[in-house]
Amino acid sequence: MINSVINVDWLQLNCRSKHYDYFSNDEYKLEQTTIRTRNFLIVDEFYWNNRKTATIARKPSSTALDANIILIKFDNWLLYQKNLKEIIKQFLNILKLIPVNITRFDIALDFQRFNKNLLPGQLIKRFMSNKYLKIGKGKGSLHFNHNYHFISEYIRFGSNQSNICYYLYNKTKELNDVKKKPYIEDCWALNNFDKNSDTWRIEFSIKTGNVDIFNQETGELEPLKTGHKKNKQLNLDLLLDTSFIKDLFFTLAKKYFTFYRNTGGKKCRMPVIDLFGTFTIEKNLQYITKKIENGRADKIFLNKINSLNDELRFIAKDAELVEAQQKLIKHFVGSRNLHRYAKKKGIEF
């Protein structure tokens, strides 16, 4: 790829605090707003040198949520600053917040051309015309303009219910049409982007903290263990580490953003489109999520399991069999992320 840069574009944390309180000094200020959200009764704003830096939501309106939840979302401009890791840790310390897990994390690659000068718009057109096929299967959406020519601007893979969504879109056009962000354009200038060409973005949005790093050599999930440097878990320290962010992005790209040239026959035998050139990925990193996306077939299967469970409760004399059925329901609901559906249908899990 000719010129490219990787940045964090969204960071939201689930935190806790025993000493949360409002304050103000010459440099920092934490104050309450009159804003309310659907899920939280109190929304605060944090300022650094009179510039809003973060939004903090707390006091859940629903008893179904942990009463101690404190969600902090950092403003976009902050995420493009140098020494981001140190800045975030400093802010958490000032606010006396202890991060529990990551509720949303977006990582973005800005660039102008793929390998061998392939334009991003051309990739979309060839994919939509079935000349290129994508790894895996799923749903997506496309935004475009048309007059004399068809101009593709944005393609999204994944749904609102997906734990991970990813996008390819014209970032230059978005900044011009929606909102100028000088700090992003400054970042492009520092990385010698061509001012006369559009800059595009590939963005991965991770909406779950239920993620580990998979070791391809051992085939096992490896949570972080004290004194064991080889074991890694997706946590705040790693996600704010510049070298790890780069490895994570291209690992995600390899797993999700791989395309084949449609030559007919089996997809696995088709030639892979080399989008990113010679970038090498650490062999022991692979993004996985413990939850599997659910569909109509999963919901039908869950209903059938539940019906069988109800029958067993009524007729079965074997308590172990009944318990096994209940464990199966609990596991299936958790692995397919069907909690809301199960509650709606009155299924105990």
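From a predicted model like this one, the values you see are computed outputs, not experimental measurements. For this chain, numbers begin at 1 and follow the sequence in order. Note: hydrogens, waters and symmetry copies are ignored here, and every other heavy atom, side chains too, is used.
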In sequence, state the C-alpha distance, the side-chain angles, and the governing distance for N191 and N3, and then conclude on side chain to side chain contact (heavy atoms under 4.5 Å, CB included). CA-CA 7 Å; N191 286 275; N3 284 332; 5.6 Å; no

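- Within a 6.0 Å radius of NZ in K131, other residues, nucleotides and ligands contribute 12 heavy atoms or fewer.
- In this pair, F204 and Y256 present their aromatic rings tilted. The plane angle is within the 30 to 60° band.
- Aromatic ring centroids of Y28 and F23 lie 6.0 Å or more apart.
- Aromatic rings from F257 and Y167 are positioned such that their centres are separated by 6.0 Å or more.
- At distances below 3.5 Å, at least one donor-acceptor pair connects side-chain atoms of S129 with backbone N or O atoms of R126.
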Given D237 and K89, is the side chain to side chain contact (heavy atoms under 4.5 Å, CB included) satisfied, shown in steps? CA-CA 9 Å; D237 279 340; K89 287 190 171 184; 2.9 Å; yes

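- Judged by distance alone, the side chain of D198 and the main-chain N or O of T172 form no donor-acceptor pair under 3.5 Å.
- Although no hydrogens or angles enter the test, the distance criterion places no donor-acceptor pair under 3.5 Å between the side chain of T199 and the main chain of Q112.
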I would like to know whether R16 and L97 meet side chain to side chain contact (heavy atoms under 4.5 Å, CB included); could you show each step before the answer? CA-CA 6 Å; R16 299 291 184 275; L97 293 176; over 6 Å; no

Verdict with reasoning, D44 to R58, per salt bridge (charged side-chain N to carboxylate O under 4.0 Å, His left out): CA-CA 8 Å; D44 299 326; R58 57 194 185 91; 2.9 Å; yes

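- Two residues are said to be in side-chain contact when any heavy atoms from C-beta on lie closer than 4.5 Å; R261 and I273 meet this criterion.
- A donor-acceptor distance shorter than 3.5 angstrom exists from the side chain of Q122 to the backbone of L119, with no hydrogens or angles considered.
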Run the numbers on D241 and S243 for side chain to side chain donor-acceptor pair (under 3.5 Å), then give the verdict. CA-CA 6 Å; D241 183 271; S243 60; 2.6 Å; yes

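- When Q32, K29, E31 are each tested for a side-chain hydrogen bond (donor to acceptor under 3.5 Å, both in side chains) with Y22, only one passes: Q32.
- Between Y132 and F259, the ring centre distance reaches or exceeds 6.0 Å.
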Intermediate values then yes/no, salt bridge (charged side-chain N to carboxylate O under 4.0 Å, His left out), R201 and E174: CA-CA 10 Å; R201 170 170 288 192; E174 185 203 55; over 6 Å; no

One pair to check against side chain to side chain contact (heavy atoms under 4.5 Å, CB included): L13 and T103. What are the steps and the verdict? CA-CA 5 Å; L13 307 176; T103 57; 5.9 Å; no

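- Residues C187 and N7 meet the side-chain proximity criterion, which asks for heavy atoms closer than 4.5 Å.
- Of the possible polar contacts, none joining the S205 side chain to the R104 backbone as a donor-acceptor pair under 3.5 Å is found.
- Linking ILVMFWY residues whenever their side-chain heavy atoms come closer than 4.5 Å, directly or via other members, leaves V100 and I206 in distinct clusters.
- Aromatic pair F91/F46: centroids less than 6.0 angstrom apart.
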Does N76 form a side chain to side chain donor-acceptor pair (under 3.5 Å) with W10? I'd like the steps, not just the answer. CA-CA 7 Å; N76 190 248; W10 189 294; over 6 Å; no

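- For the residue pair T33/E45, the side-chain donor-acceptor check at 3.5 Å is not satisfied.
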